[in-house]
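Working notes for the structure below.
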Amino acid sequence: MSALTIQENVPLSPLTTFKLGGPARHFCAVSSTTELLDALALASQNNWPFFVLAGGSNLIISDDGFDGLVVKLELGTWDLELDKRTLTAGASCSMKEIVDASIEAGLAGLEWAGGLPGSFGGAIYGNAGCYGGEIKDSVLAVKSLTHTGEEKTRDNKDCDFGYRDSIFKHVPEVIVFATLQLQPGNRTELRQIADDHIGHRASRHPLEHPNVGSIFKNIRVEDMPSEHLATFRDSIKDDPFPVVPTAKIIATAALQGRRVGNVQLSEKHSNFIVNLGGGTTADLLKLVEQIKSEIDQRYGIKLEVEPQLVGFKH
Ligand SMILES: Cc1cc2nc3c(=O)[nH]c(=O)nc-3n(C[C@H](O)[C@H](O)[C@H](O)COP(=O)(O)OP(=O)(O)OC[C@H]3O[C@@H](n4cnc5c(N)ncnc54)[C@H](O)[C@@H]3O)c2cc1C
C-alpha cells in the first residue's frame with residue numbers, strides 16, 4: 001500500500017476554471033497507478049462516492065461540494081514513438097503539452113486542439129472537439145482502471161465515441177493513459193493552424209473571467225423545430241456534423257448580459273457564462289434554467305448543459 005495523504009474538506013473551486021462550488025469531503029492527489037488503486041480501494045472500503053478531477057475545465061460543482069473522495073489525477077508523462085507515429089500519454093498530461101509535443105515532432109492530428117483547455121484524459125472522457133476535429137479521430141487505444149481495480153484496454157471502436165460522449169461517461173472507470181495514432185505533417189504549417197485557433201479563442205471567448213467553456217451543447221439540425229430552421233439556416237456549421245450553434249440561438253433571443261448574482265451570460269460569447277467574482281453555483285443554475293426556459297418557450301428547443309454536474313443529489 002502506498003502512503004496516500006487524505007485531506008478533509010478541501011475547497012474544489014480553485015481546482016476548476018469556473019472557480020465555483022464547495023469542498024471535497026475527502027481529497028487526495030495520485031501520481032501513479034498504484035496510488036490510484038489504493039485510492040479506489042479506500043473509497044470502496046469506506047463506501048465513499050468516488051470522483052476523479054483532472055483539469056477542472058468542464059465541471060459545475062455543487063455549492064455543497066462532493067460528499068465522497070475526490071481524486072486529483074497527476075499521471076502526466078508522455079512518450080512519442082516516431083517510427084510508428086504514435087503518442088502515448090498519461091491521462092493528466094495537458095492537451096497543450098501533447099499538442100505542442102506532436103507538432104514539434106512534425107506529427108499531424110492534434111492541431112485542431114490548439115488552445116483547448118484541460119487534460120488528455122478529460123478530452124477522451126468527453127470526446128472533446130472543436131474546429132472540425134475531435135479526439136476520437138486519433139485514439140488508437142485507451143487503458144483504464146475500473147473502480148474495483150481491474151485493468152481494461154479498449155480500441156477506438158470499443159470507446160463508443162459520440163458527440164461529447166464516450167463509454168467512459170457510462171462506466172465506473174478511470175482513464176490512466178491512451179495512445180494516439182498521428183500522421184506525418186509539416187511542423188510550421190501545423191504550428192500555424194494551432195496558433196490560429198489559439199488566437200481565435202482569445203478574441204472570441206471571455207477568457208478575462210472564470211468560465212467553463214460552452215455552457216450548452218450545440219443543436220443537431222435534425223433536432224431543430226422545422227418552423228425555426230429558416231431563421232438559423234445561414235449559421236449551420238459542420239462541426240463535427242451539421243449543427244446550429246447554440247451561441248447563435250441565444251444571441252438571436254438577445255439574452256446576452258443576463259445576470260443572476262455574480263454570474264452572467266457573457267456579452268462577448270453568448271454560449272459562455274462567466275463568474276464575475278464571488279458567484280455561486282446556485283446562481284449559475286438559476287441563470288441556466290432561465291435561459292433554457294426562454295429558449296424553449298421561444299423556439300421549442302431543449303438546451304442541454306455540456307459540462308459535468310458534480311455533487312448534486314438527483
Ligand atoms: C475556455 C474554455 C474553452 C473550452 N473549449 C472547448 C472546446 O472547444 N471543445 C470541447 O470539447 N471542450 C471545450 N471546453 C471544455 C473542456 O476544456 C473539455 O471538456 C476538457 O476536455 C475537459 O478536460 P478536464 O481535464 O478539464 O476535465 P475535468 O473538467 O477535470 O473533468 C471533466 C469530466 O471528465 C472526467 N474525467 C477527467 N479525467 C478523467 C480520467 N482520466 N478518467 C475518467 N474520467 C475523467 C471527470 O470525472 C469529469 O466527469 C472548454 C473549456 C473552457 C474553460
Side-chain angles (χ1 to χ4, degrees), residues 12 15-21 24 30 33 36 39-40 49-61 66 68-76 89-99 112-136 142-147 152 154 159 161-178 197-198 200-202 204-218 239-240 245 247 266 268-269 271-275 305-312:
L12 293 175
L15 302 177
T16 70
T17 57
F18 225 160
K19 310 296 177 215
L20 291 179
V30 299
T33 45
L36 175 59
L40 287 163
F50 181 91
F51 181 75
V52 62
L53 187 145
S57 64
N58 206 26
L59 301 179
I60 296 175
I61 296 178
F66 184 76
L69 177 64
V70 173
V71 169
K72 174 93 174 90
L73 276 192
E74 293 174 356
L75 306 168
S92 323
C93 286
S94 69
M95 282 304 293
K96 178 179 182 336
E97 262 178 291
I98 65 167
V99 168
W112 58 269
L116 179 74
S119 69
F120 184 38
I124 293 172
Y125 176 88
N127 186 24
C130 47
Y131 302 107
E134 288 181 302
I135 197 77
K136 74 162 174 43
V142 181
K143 191 166 159 184
S144 59
L145 287 179
T146 67
H147 286 193
K152 294 222 169 188
R154 289 189 175 80
C159 291
F161 288 116
Y163 176 46
R164 302 295 171 267
D165 197 24
S166 77
I167 193 161
F168 302 103
K169 282 195 171 180
H170 311 282
V171 292
E173 293 180 27
V174 182
I175 299 161
V176 286
F177 64 81
H197 295 332
I198 293 169
H200 187 258
R201 284 174 181 277
R204 299 281 294 275
H205 295 173
L207 302 181
E208 61 281 13
H209 293 297
N211 67 77
V212 72
S214 295
I215 197 79
F216 299 109
K217 291 183 181 179
N218 287 327
D239 188 13
S266 168
K268 193 169 175 184
H269 190 301
N271 197 20
F272 273 56
I273 289 179
V274 293
N275 176 3
V305 169
E306 184 168 313
Q308 301 299 301
L309 295 165
V310 182
F312 295 89

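Counting starts at 1 for both ligands and their atoms, in listed order. Every heavy atom of this structure was used, including side-chain atoms; hydrogens, water molecules and symmetry mates were not.
Expressed to the nearest 0.5 Å, how far CD1 of Ile61 lies from CZ of Phe51 amounts to 6.5 Å. To the nearest 0.5 Å, atoms NE2 (His147) and CG (Leu36) are separated by 8.5 Å.
Numbered from 1 in the order shown, with element, the atoms of ligand 1 that lie under 4.0 Å from a heavy atom of Ala123 read 21 (O). Annotation for ligand 1: atoms under 4.0 Å from non-hydrogen atoms of Arg164 are 11 (O). Within the listing of ligand 1, atoms 33 (C), 48 (C), 49 (O) sit less than 4.0 angstrom from a heavy atom of Gln308. Which parts of ligand 1 touch Val174 is read off a 4.0 Å heavy-atom cut-off, strictly below it: atoms 42 (N), 43 (C). Ligand-side atoms of ligand 1 in range of Gly122: 21 (O), 23 (O), 25 (O), 27 (O), 37 (C), 38 (N), range being under 4.0 angstrom from any heavy atom. Listed by number with element, the atoms of ligand 1 under 4.0 Å from a non-hydrogen atom of Val52 are 43 (C), 44 (N), 45 (C), 46 (C), 47 (O). Remark: ligand 1 atoms within the under-4.0 Å shell around heavy atoms of Ala54 are 25 (O), 30 (O), 37 (C), 38 (N). Numbered from 1 in the order shown, with element, the atoms of ligand 1 that lie under 4.0 Å from a heavy atom of Gly118 read 23 (O), 24 (P), 25 (O), 26 (O).
The nearest protein atom to atom 6 (C) of ligand 1, hydrogens excluded, is given as Leu116 CD1, 3.5 Å; this is a heavy-atom distance. Among protein heavy atoms, the minimum distance from atom 3 (C) of ligand 1 is reached at Arg201 NH1, 3.6 Å. Distance from atom 16 (C) of ligand 1 to its nearest protein heavy atom, with residue and atom name: Ser57 OG, 3.2 Å.
Some N or O of Gly129 is nearer than 3.5 Å to an N or O of ligand 1, by distance alone. Among the atoms of Ala128, none of the N or O lies under 3.5 angstrom from an N or O of ligand 1. Checking only distances, Glu306 never comes within under 3.5 Å of ligand 1, N or O to N or O.
At least one heavy atom of Glu173 sits under 4.0 Å from some atom of ligand 1. A heavy-atom separation below 4.0 Å is found between Gly56 and ligand 1. Residue contact annotation: Val176 has no non-hydrogen atom under 4.0 Å from ligand 1. Residue Glu134 places every heavy atom at 4.0 Å or more from ligand 1.
For Asn127, no heavy-atom contact with ligand 1 is shorter than 4.0 Å. Looking at Ile175 against ligand 1, both its backbone and its side chain come within 4.0 Å, counting heavy atoms.
For the ring pair (Phe, Tyr, Trp, His ring centres under 6.0 Å) test, residues two or more places apart in sequence or in another chain that qualify with His269 are His205, Phe272. Listed by chain and residue number, nothing satisfies the ring pair (Phe, Tyr, Trp, His ring centres under 6.0 Å) test with Phe168 (two or more places apart in sequence, or in another chain).
With distances taken over non-hydrogen atoms, the option nearest atom 31 (O) of ligand 1 out of Leu309, Leu59, Val212 is Leu59. Counting heavy atoms only, Tyr125 comes closest to atom 33 (C) of ligand 1 of the residues Tyr125, Phe51, Phe177.
Contact between Ser266 and Val274 at its shortest, heavy atoms only, is CB-CG1, 4.3 Å.
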